[in-house]
Number of protein chains: 4
Amino acid sequence: MLKKTPHRESSRLSREQRAADILKHARIVFCEKGYSDTLVSEIAERAGVVEGSVFHYFPTKRELLIKAVEQWYTGLIWDYDHRLESITGTWNRLRFMIWGHLNVIHEEPEMTKLIVEEIRPGPEYRNTAIYELSRNYTRRTLGIIEEAVAAGEFRPDVPTAVVRAMIYGGVEHYAFGFLHGTGDFSADEAADTITDLVYRGLANEGVAQAHMLSEPLTQIEAGLARLKKLTAPKKPASK
Amino acid sequence: MLKKTPHRESSRLSREQRAADILKHARIVFCEKGYSDTLVSEIAERAGVVEGSVFHYFPTKRELLIKAVEQWYTGLIWDYDHRLESITGTWNRLRFMIWGHLNVIHEEPEMTKLIVEEIRPGPEYRNTAIYELSRNYTRRTLGIIEEAVAAGEFRPDVPTAVVRAMIYGGVEHYAFGFLHGTGDFSADEAADTITDLVYRGLANEGVAQAHMLSEPLTQIEAGLARLKKLTAPKKPASK
Amino acid sequence: MLKKTPHRESSRLSREQRAADILKHARIVFCEKGYSDTLVSEIAERAGVVEGSVFHYFPTKRELLIKAVEQWYTGLIWDYDHRLESITGTWNRLRFMIWGHLNVIHEEPEMTKLIVEEIRPGPEYRNTAIYELSRNYTRRTLGIIEEAVAAGEFRPDVPTAVVRAMIYGGVEHYAFGFLHGTGDFSADEAADTITDLVYRGLANEGVAQAHMLSEPLTQIEAGLARLKKLTAPKKPASK
Amino acid sequence: MLKKTPHRESSRLSREQRAADILKHARIVFCEKGYSDTLVSEIAERAGVVEGSVFHYFPTKRELLIKAVEQWYTGLIWDYDHRLESITGTWNRLRFMIWGHLNVIHEEPEMTKLIVEEIRPGPEYRNTAIYELSRNYTRRTLGIIEEAVAAGEFRPDVPTAVVRAMIYGGVEHYAFGFLHGTGDFSADEAADTITDLVYRGLANEGVAQAHMLSEPLTQIEAGLARLKKLTAPKKPASK
DNA sequence: AATGAATGAGCCTTCATTCAT
DNA sequence: AATGAATGAAGGCTCATTCAT
């Protein structure tokens, strides 16, 4: 109750800590209310600072949104990217990419909506780290396909850009109802179905039979890998 | 208390004509500026009526948007639906559906953006004629696939909902860059590629043998699937 | 289904009937919604005419309100005024006036609110038939008091204007909570209490005892009169 | 997107000072024009701030009205309440309460109208500080009466709620004409008359004998009351 | 007499952003 | 670095009333 305390009692934080704090609360509020229903004043309030302070760290509300999502997305991509490394086999790797996307949508629908409906359509999307990260990440999918083509597992004339569009577009379209509060879906089941469809659509008929035989085996492999994960130490590196 | 001088010079139109007129101009302005940058006053001005008159016919700006898009969309669907009738053969019919979607995006990118970015994410989408029309229309695609399945042309276990998602989601994802001012695409070429991919993914050839060969493994698969169920529910990737 | 029917099928009514019809519906809507929440368009709709027609009969919405209330009020006053005639004795007549006011409030709270909160505070109140009717009616109360003064039953120096204010103001104040949805009251009990209080306040102490003795007797008289009403033919004259 | 140039020349005030300032000017304008003829923009202008600033402090125009009146009313009640303390004697204290009410109406008719015609009928009245203050204040009047009853100065069976209604309702009804620009009144004379009337109505003198004399009749009275109950409930006068 | 399309003035309200302190 | 009072441009929406037909 010392009257001399300058400004409030807000514990002195370093510039980075304060910014991160604001970012964290911004993300929460944006998720709860959506971009345009979010008031900067509410973010400020929850972060324990005044409105003006938010603008010290972030020039505009929009920038705040982008940075908040970027921060989250960076950790996410890093995580998934890392987990991909330990997976082998075209089918399994493809499935992981597809499952990952489905799973993020399922676990973090609000963040997904923010990206899909706010960030992406925005004019500045292409200058965003989200765009860059997302490009790099989906390129993994292309890489998997290209390797399969090189190995003769997939047809040599696969139109990779279209395939990528069908995978990611298909996943998002499939999950649209869930994102808008209608129904639910299983990421695992959907991942299996989609992977299968894609795999069949791309498979080289010349070697199709052999690979189709190996398909079930790779699934067993994948299942065992997941089981192994459960017995190993929990989440070794999360963000 | 306030005296009004109605009528000015604007010709007296019937309710329907006036409403249609306003709708037409609304569509133009919404396309040019997007929903939130559109002023009702500008729509009124272009339609040659005062702002109040717009609200005489449409209770809110949002309703005006929906009705304007609905009017356009109804004509569009009618047109495409009609053209489908004269096309025969699974591949051709499938291609027409895919090409149609690509073509609309290509020819009317602003209307597409309005639907994809404004109408669809809106809370009232499901009560919209657009939703209904669009459902009926995409059901044609399912119909084509189901008929091909019945005829033995496609595999019997095709997951139609996923296929539809991949077709329409794929198309929209593919055209995303174009919609946002980056690059262009050929509706015809893309239609060919996508149709091909889908057709191959669903076609029946060579599947029989593979299935017979893989049969002994299905029991192991089933067991693994049960294990997967047990490991999956625990949010593996939620930050 | 004859296409030639001019205008709608609205049965041709005489000017008076049409006006009365509009008035009736106006009263209903005004009661349901209050003055400012009532739309002229709704009155028109319920009366089966178009908006413009309402303004053929009544120059403004306000005038419509006043006329609607006047019509109702005229019948009401006529009714009560008529019933007063058959009542004798200062206490009984006073009680009837008080009970009447309480009873109207209790039976027609919406109309009461309209008069108290919309009509009376309005600038044109004094030019209203409601004002005139109401003045004439409350003058009955003054008459009763003056007669009692002349008869020596009440003190000679009774300030009649103040008494009237206390009676009517008191009744309205007492019923205020009920009018606004809080609680209820019994018109009969309140009438007894208020009449008693007024009577005592005005009674001539010189003859107080005698009259106080006769009080209970006049109540008996009144009660018998009411019982008689029940056995007689129902509502002989109700506008 | 829009650049603003804040501050102009208006001196920077503390939140409380600015709010109080706006409140003061709001009260003035509301009194001059009445609630609905008051423009928020005018209040802002007089207070030397922009319209938006008013809404920075008060969420709605209505809230502004309520707060403005509350501020005034609080001071008023405090003042009168304080002055009551130094007055002794039932008659004197009663008269002060009555005179006070009359006096406020006479000195601040606009504020009175605001309360009586805008605040009280409003749906939020019961959650208002005005309601609370007013309740507490009029309870003083009840206190005076109850003390007089306890002291044997007033009859033991005084119906306090009805008396309060008659006092306050009577005062307001009496002053109605003045409030609406017709005539004037003397707070002092009216206070005397009303106090006298009330006092006589409640005083104990001569009552004892009358009651003793009338005792045998009370049983008949009670019986009749029961009969009355049976006849009353049937809407006797509802048109 | 009846219609009903058209009016139009202006209200209340929003909220990201600024900058003197 | 942090504050927080002040901005201000505009925007959607209302609805009684008019008058050519």
Side-chain angles (χ1 to χ4, degrees), chain A residues 6-8 10 12-15 18 36 38-42 44 49-62 64, chain B residues 1-8 10-15 17-19 36 38-42 44 48-62 64, chain C residues 6-8 10 12-15 18 36 38-42 44 49-57 59-62 64, chain D residues 1-8 10-15 17-19 36 38-41 44 48-62 64:
Chain A
H7 309 299
R8 48 180 70 203
S10 69
R12 282 260 164 195
L13 295 173
S14 76
R15 187 172 181 83
R18 178 67 81 194
S36 51
T38 290
L39 306 187
V40 176
S41 57
E42 182 167 358
V49 296
V50 296
E51 239 172 310
S53 299
V54 173
F55 288 94
H56 256 285
Y57 294 96
F58 305 96
T60 65
K61 181 189 178 187
R62 182 121 198 123
L64 182 54
Chain B
M1 215 166 269
L2 295 167
K3 303 295 170 192
K4 284 89 184 277
T5 319
H7 292 186
R8 288 151 69 101
S10 72
S11 50
R12 207 178 167 81
L13 266 54
S14 80
R15 191 170 183 81
Q17 285 173 317
R18 182 62 80 195
S36 50
T38 290
L39 307 190
V40 176
S41 58
E42 182 168 356
V49 295
V50 297
E51 211 171 334
S53 298
V54 174
F55 288 98
H56 192 63
Y57 293 95
F58 305 96
T60 63
K61 182 190 179 186
R62 182 121 198 120
L64 182 56
Chain C
H7 308 302
R8 49 179 71 203
S10 70
R12 284 260 163 197
L13 295 173
S14 77
R15 187 171 180 84
R18 178 67 81 193
S36 50
T38 290
L39 305 186
V40 175
S41 57
E42 182 166 359
V49 296
V50 297
E51 240 172 308
S53 300
V54 174
F55 287 94
H56 256 283
Y57 295 95
T60 64
K61 182 190 178 187
R62 182 117 199 126
L64 182 54
Chain D
M1 217 165 272
L2 295 168
K3 302 297 169 192
K4 286 92 184 273
T5 319
H7 293 184
R8 287 151 70 104
S10 71
S11 51
R12 209 180 166 80
L13 265 55
S14 80
R15 190 170 183 82
Q17 286 173 315
R18 181 63 78 197
S36 50
T38 290
L39 307 190
V40 175
S41 57
V49 295
V50 297
E51 214 171 332
S53 298
V54 174
F55 287 97
H56 192 62
Y57 293 96
F58 305 96
T60 63
K61 183 190 178 187
R62 182 121 198 121
L64 181 56

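Letters A, B, ... mirror the listed sequences (proteins, then strands); counts begin at 1.
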Undergrad: F:dA2 phosphate, OP1 or OP2: any side-chain N/O from A:Ser53 under 4.0 angstrom?
TA: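 False: A:Ser53 side-chain N/O out of range (4.0 Å or more) of F:dA2 OP1/OP2.
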Undergrad: How is B:Ser41 classified with respect to the nucleic acid when contacts are heavy atoms under 4.0 Å: base, sugar-phosphate, or nothing?
TA: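 The residue B:Ser41 makes no contact with any strand.
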Undergrad: Determine the stems involving DNA chain E; a stem requires 3 or more consecutive pairs of the Watson-Crick or G-U wobble kind, each with both distances below 3.5 Å, and the answer is none if no such run exists.
TA: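 Listed by first number, the stems are E:2-21 with F:2-21.
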Undergrad: Ignoring hydrogens and angles, does a donor from either the side chain of A:His56 or the base of F:dA2 sit under 3.5 Å from an acceptor on the other?
TA: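 Side chain to base: pair found, below 3.5 Å.
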Undergrad: Can you find a side chain N or O atom of C:Tyr57 that sits less than 4.0 Å from OP1 or OP2 on E:dA1?
TA: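 Checking E:dA1 against C:Tyr57, no side-chain N or O comes under 4.0 Å of OP1 or OP2.
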Undergrad: Just the rounded figure in Å: distance from P of F:dC15 to NZ of C:Lys61.
TA: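 After rounding, the reported distance stands at 8 Å.
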Undergrad: Return the CZ to NE2 distance between D:Arg18 and D:His56, rounded to the nearest 0.5 Å.
TA: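 These two atoms lie 11.0 Å from each other.
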Undergrad: Write down the distance between CD (B:Glu42) and C1' (F:dA10), rounded to a whole number of angstrom.
TA: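 Roughly 14 Å, once rounded to whole Å.
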Undergrad: Distance check needed: E:dT7 P versus B:Leu13 CG, whole Å only.
TA: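 In whole Å, E:dT7 P and B:Leu13 CG are 11 Å from each other.
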Undergrad: Using whole Å, report how far CD of C:Glu51 lies from C1' of F:dA16.
TA: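 In whole Å, F:dA16 C1' and C:Glu51 CD are 8 Å from each other.
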Undergrad: More 5' along DNA chain E: D:Leu39 or A:Thr60, using each one's nearest nucleotide?
TA: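 With D:Leu39 and A:Thr60 compared, the 5'-side residue is D:Leu39.
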Undergrad: Pick base, sugar-phosphate or nothing for B:Ser36, based on heavy-atom distances below 4.0 Å to the nucleic acid.
TA: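 If one applies the 4.0 Å heavy-atom cut-off, B:Ser36 turns out to touch nothing in the nucleic acid.
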Undergrad: F:dT7 P sits how many Å from A:Phe55 CZ, rounded?
TA: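 Result: 18 Å.
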Undergrad: Let me know the distance between CG of C:Leu64 and C1' of F:dT17, rounded to the nearest Å.
TA: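 Roughly 13 Å, once rounded to whole Å.
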Undergrad: Name the nucleic acid region contacted by D:Phe58, choosing base, sugar-phosphate or nothing; use a 4.0 angstrom heavy-atom cut-off, strictly under.
TA: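 Counting heavy atoms under 4.0 Å across all strands, no contact is made by D:Phe58.
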Undergrad: Return whichever of D:Gly52 or A:Pro59 has its heavy-atom-nearest nucleotide of DNA chain E closer to the 5' end.
TA: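 Between the two, 5'-proximity favours D:Gly52.
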Undergrad: Closest heavy-atom contact between D:Val54 and D:Ala44?
TA: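 Looking at all heavy atoms of both residues, the shortest contact is CG2-CB, 3.7 Å.
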Undergrad: Round to the nearest Å and state the distance from D:Arg15 atom CZ to F:dA5 atom P.
TA: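 After rounding, the reported distance stands at 5 Å.
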Undergrad: Hey, could you give me the OG1/NZ distance between D:Thr38 and D:Lys61, rounded to the nearest 0.5 Å?
TA: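 The distance works out to 6.0 Å.
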Undergrad: Within the structure shown, what part of the strands sits under 4.0 Å from D:Ser14 by heavy-atom distance: base, sugar-phosphate, or nothing?
TA: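 If one applies the 4.0 Å heavy-atom cut-off, D:Ser14 turns out to touch nothing in the nucleic acid.
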Undergrad: Side chain of B:Gln17, backbone of B:Ser14: donor and acceptor closer than 3.5 Å?
TA: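 Judged by distance alone, yes, a pair lies under 3.5 Å.
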Undergrad: To the nearest 0.5 Å, how far apart are CG in D:Leu64 and CZ in D:Phe55?
TA: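 D:Leu64 CG to D:Phe55 CZ: 8.0 Å, rounded to 0.5 Å.
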Undergrad: Rounded to the nearest angstrom, tell me the gap between atom CZ in A:Arg62 and atom P in E:dC15.
TA: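 Interatomic distance, CZ of A:Arg62 to P of E:dC15: 16 Å.
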Undergrad: So, for B:Tyr57 and B:Ala19, which heavy atoms are closest and what is the spacing to 0.1 Å?
TA: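 Closest approach of B:Tyr57 to B:Ala19, heavy atoms only: CD2-CB, 4.1 Å.
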